[in-house]
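In what follows, chains are A, B, ... by sequence order, proteins preceding strands, each numbered from 1. Computation of the quantities below employed the complete heavy-atom set of this structure, encompassing side-chain atoms and omitting hydrogens, waters and symmetry-equivalent molecules.
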Protein chains: 2
Amino acid sequence: MADDSSRKIKSIAASYRIVGKLQALDGAGVTELAEQMDLGKSTVYQYLSTLHDEGYVVKRGHTYHLGLKYLHHGMYARNERPVVDLAQPSLETLVDETGEVGWITCEDHGKLVTLDSMVGEHDINEKFRGQVGNREYLHAHAGGKAILAAYSDDRVTDIVESHGLPVYTEHTITDRERLFDELDRIREEGVAFNDEEAIRGYRAVSAAVTQGEETVGSITIGGPKNRLNGEYYQEELPSLIRGAINEIELRGSVESPWN
Amino acid sequence: MADDSSRKIKSIAASYRIVGKLQALDGAGVTELAEQMDLGKSTVYQYLSTLHDEGYVVKRGHTYHLGLKYLHHGMYARNERPVVDLAQPSLETLVDETGEVGWITCEDHGKLVTLDSMVGEHDINEKFRGQVGNREYLHAHAGGKAILAAYSDDRVTDIVESHGLPVYTEHTITDRERLFDELDRIREEGVAFNDEEAIRGYRAVSAAVTQGEETVGSITIGGPKNRLNGEYYQEELPSLIRGAINEIELRGSVESPWN
DNA sequence: GCCGTTCGTTCGACAATGCCGAACCGCCGG
DNA sequence: CCGGCGGTTCGGCATTGTCGAACGAACGGC
């Protein structure tokens with residue numbers, strides 16, 4: 001593995017390695033970066049000043065930080081995802097009705113990306129609030145499993161092979177067979193659950209959003225286990241989510257009819 | 001101009017040119033991009049597949065689109081800006097009180113970047129709503145002028161020289177002398193106005209947010225001219241904004257005392 | 001059902017250019 | 001005044017980004 005002898009432009013890969021490190025370190029200086037990445041000080045400097053000229057990096061004193069041009073591209077990419085506009089109104093009313101936390105997510109390069117999150121009246125442990133842009137593993141979240149269940153088995157296998165099934169809690173699904181069983185169950189029931197599989201004490205219910213034939217993301221309602229339990233968790237929320245999905249797909253087909 | 005003979009890594013600059021075009025075209029194919037940028041088809045292909053491997057670009061059918069990794073970096077860069085957490089609570093109450101639209105903005109590479117926007121009860125023409133990540137000229141917006149007024153004249157001159165003073169409406173400030181006069185006025189009064197300088201029919205009031213000695217951004221309240229006029233526009237909003245700034249800077253100095 | 005077109009993709013070879021070490025400069029503390 | 005630690009500049013070698021040409025797959029019209 002890690003072959004990547006395929007024709008890649010090394011400097012682009014290197015530039016993003018630097019960008020990632022810059023983010024991980026909350027900003028850094030030339031020397032520090034050069035040491036951490038086994039690159040010449042002058043090389044790192046050249047990368048950073050190129051990125052600076054292009055506006056993707058800012059200098060504060062003697063340390064470099066990520067610039068806000070990434071926000072421009074990122075929000076553009078977010079808004080381009082149809083699931084955002086499709087799901088927002090229905091999910092918002094769902095959040096108002098339940099008071100829980102709502103999420104709009106989609107898949108990107110085998111990860112589950114948070115596109116939007118809205119908090120209901122039960123404002124909650126900060127832990128459970130969603131950060132837009134966060135990238136999580138698909139298999140450990142309700143929204144991710146809902147999306148995987150909408151994909152073909154081949155596509156799921158590809159994703160599992162390239163990302164693995166890392167463990168978060170004792171409830172995380174960590175082997176492939178159990179995952180496929182779970183996905184079959186989700187395909188039958190139409191909703192996915194997350195029962196403390198990512199964070200202890202946190203549960204969620206989710207379903208995939210499709211536009212035409214394509215799966216474009218998922219919506220999720222989540223909250224603490226002490227409130228999400230019994231019939232509310234097992235029946236009421238799933239039924240509300242299914243209703244919202246229904247509403248969303250109706251609107252979707254009205255907005256772009258016969259397409 | 002456009003000298004850029006300075007030691008830059010050409011492939012990084014080129015990769016971001018491609019990323020920008022990809023955004024401008026709402027996704028594009030290899031051939032289309034190659035034509036628009038005067039590059040070999042194979043060259044563009046190599047860039048795109050590198051960016052794809054790195055996860056910064058997604059393929060949908062035969063067209064490439066921006067990926068969501070930019071959202072990850074972008075939201076990180078946004079959240080790192082201290083003005084977001086500092087200003088959010090005070091601005092939110094201000095928006096609730098007035099019912100207008102509120103903005104949190106900051107400067108990045110000579111542009112005014114929207115970090116957050118919140119709509120009050122007078123939900124408004126979509127035109128006036130703020131898109132997070134948007135990059136505007138500083139001189140044509142209340143938030144931008146408030147920031148410029150907090151900078152030194154040298155710094156302002158640098159920005160004006162590299163970005164110019166493009167015209168939006170007949171009220172836009174387009175010459176340097178008038179800009180500096182306006183900035184002096186803002187320094188005295190403590191608030192900046194935007195009287196149809198960016199969009200016809202749109203007015204706004206703003207003030208800069210500082211943390212310690214550093215200007216970290218600005219907060220703005222804006223809305224349609226027919227509501228923002230008379231004493232409300234000239235006295236009441238400025239006084240509310242000044243109050244919010246006061247509150248923000250008190251909290252800022254409490255959170256990081258004696259620093 | 002074939003051929004023409006158009007797209008994305010692969011490959012090889014040359015020259016441009018990314019990369020590094022070494023030297024330079026400005027700042028700070030002793 | 002000096003040593004150490006940052007960021008920055010510069011020259012030259014070898015790497016590698018670049019392009020043209022050729023390939024394969026998908027599509028559509030005669």
Side-chain angles (χ1 to χ4, degrees), chain A residues 2-22 25-67 109 154 158 213-214 259, chain B residues 2-22 25-67 109 154 158 213-214 259:
Chain A
D3 164 71
D4 61 33
S5 69
S6 60
R7 295 245 185 165
K8 274 207 296 194
I9 294 173
K10 259 184 56 183
S11 29
I12 292 181
S15 80
Y16 283 113
R17 266 184 60 224
I18 289 181
V19 166
K21 257 287 187 277
L22 226 39
L25 298 173
D26 284 319
V30 176
T31 314
E32 190 180 359
L33 279 171
E35 281 167 3
Q36 295 223 9
M37 326 196 70
D38 280 309
L39 287 173
K41 217 170 42 159
S42 50
T43 307
V44 172
Y45 175 71
Q46 212 181 158
Y47 275 100
L48 288 172
S49 44
T50 305
L51 288 168
H52 179 85
D53 283 2
E54 296 293 319
Y56 289 93
V57 140
V58 284
K59 220 189 298 190
R60 288 209 272 279
H62 279 311
T63 62
Y64 290 85
H65 295 256
L66 291 199
H109 283 272
D154 284 356
D158 280 357
E213 295 294 293
E214 214 184 355
N259 200 4
Chain B
D3 164 72
D4 62 33
S5 68
S6 59
R7 296 245 184 165
K8 274 207 294 194
I9 295 173
K10 257 184 57 184
S11 28
I12 292 181
S15 80
Y16 283 113
R17 263 183 62 223
I18 288 181
V19 166
K21 258 284 185 281
L22 226 40
L25 299 173
D26 284 319
V30 176
T31 315
E32 190 181 358
L33 280 172
E35 282 168 2
Q36 295 223 8
M37 326 196 71
D38 280 308
L39 286 174
K41 216 171 41 159
S42 48
T43 306
V44 171
Y45 175 70
Q46 214 182 159
Y47 274 101
L48 287 173
S49 45
T50 305
L51 287 168
H52 180 84
D53 283 2
E54 296 293 318
Y56 289 93
V57 139
V58 286
K59 219 189 298 190
R60 287 210 273 278
H62 279 312
T63 61
Y64 290 84
H65 296 255
L66 291 200
H109 283 272
D154 284 355
D158 280 356
E213 295 295 294
E214 215 185 354
N259 200 4

Spacing of [atom1] belonging to [X] relative to [atom2] belonging to [Y], to within rounding of 0.5 Å:
| X | Y | atom1 | atom2 | result |
| --- | --- | --- | --- | --- |
| B:Lys10 | A:Ile9 | NZ | CD1 | 11.0 Å |
| B:Ser11 | B:Ile18 | OG | CD1 | 10.5 Å |
| A:Glu32 | A:His62 | CD | NE2 | 14.0 Å |
| B:Ser49 | B:Glu54 | OG | CD | 11.0 Å |
| B:His65 | B:Leu25 | NE2 | CG | 10.5 Å |

(request) Please assess A:Val30 against A:Tyr64 for the test side-chain contact (heavy atoms from CB on, under 4.5 Å), listing each intermediate value before the final yes or no. (result) CA-CA 8 Å; A:Val30 176; A:Tyr64 290 85; 3.8 Å; yes
(message) I need the residues from residues 38-46 of chain A with at least one non-hydrogen atom less than 4.0 Å from DNA chain C; give them sorted by number, or say none.
(response) A:Leu39, A:Gly40, A:Ser42, A:Thr43, A:Gln46
(request) Extract, from 5' to 3' on DNA chain C, the first and final nucleotides lying under 4.0 angstrom from some heavy atom of chain B. (result) C:dC7 to C:dC19
(message) I want to confirm an ordering. Mapping A:Ala28 and B:Ala14 to their closest nucleotides on DNA chain D, which one lands closer to the 5' end?
(response) A:Ala28
(request) Begin with the C-alpha distance, continue with both residues' side-chain angles, and end with the deciding distance and a verdict on side-chain contact (heavy atoms from CB on, under 4.5 Å) for A:Leu51 and B:Tyr16. (result) CA-CA 10 Å; A:Leu51 288 168; B:Tyr16 283 113; 3.6 Å; yes
(message) Side chains of B:Leu33 and B:Leu48, heavy atoms from C-beta outward: is any pair under 4.5 Å?
(response) yes
(request) Tell me, please, which residues at least two apart from A:Leu39 pass side-chain contact (heavy atoms from CB on, under 4.5 Å). (result) A:Met37, A:Val44
(request) Kindly write out the residues that satisfy ring-ring contact (aromatic ring centres under 6.0 Å, His included) with B:His109, not counting sequence neighbours, or none if the list is empty. (result) A:His52
Identify the pairs formed between an N or O of the protein and an N or O of nucleotides 12-14 of chain D at a distance under 3.5 Å, and give each distance.
none

Check the distance between [N]'s [atom2] and [X]'s [atom1] and give it to me in whole angstrom.
| X | N | atom1 | atom2 | value |
| --- | --- | --- | --- | --- |
| B:Ile18 | D:dT18 | CD1 | C1' | 12 Å |
| A:Lys10 | D:dT15 | NZ | C1' | 7 Å |
| B:Lys8 | D:dT9 | NZ | P | 14 Å |

(message) Tell me the bend of the helix from C:dG8-D:dC23 to C:dG30-D:dC1 as the angle between end helix axes, each from five pairs, rounded to the nearest 10 degrees.
(response) 50°
(message) Tell me the closest heavy-atom pair linking B:Ile12 and A:Ser15, and the distance in Å.
(response) CD1-CB, 3.5 Å
(message) Let's see if you can work this out: which of D:dT8, D:dG17, D:dT18 has an atom nearest to the side-chain heavy atoms of B:Tyr47?
(response) D:dT18
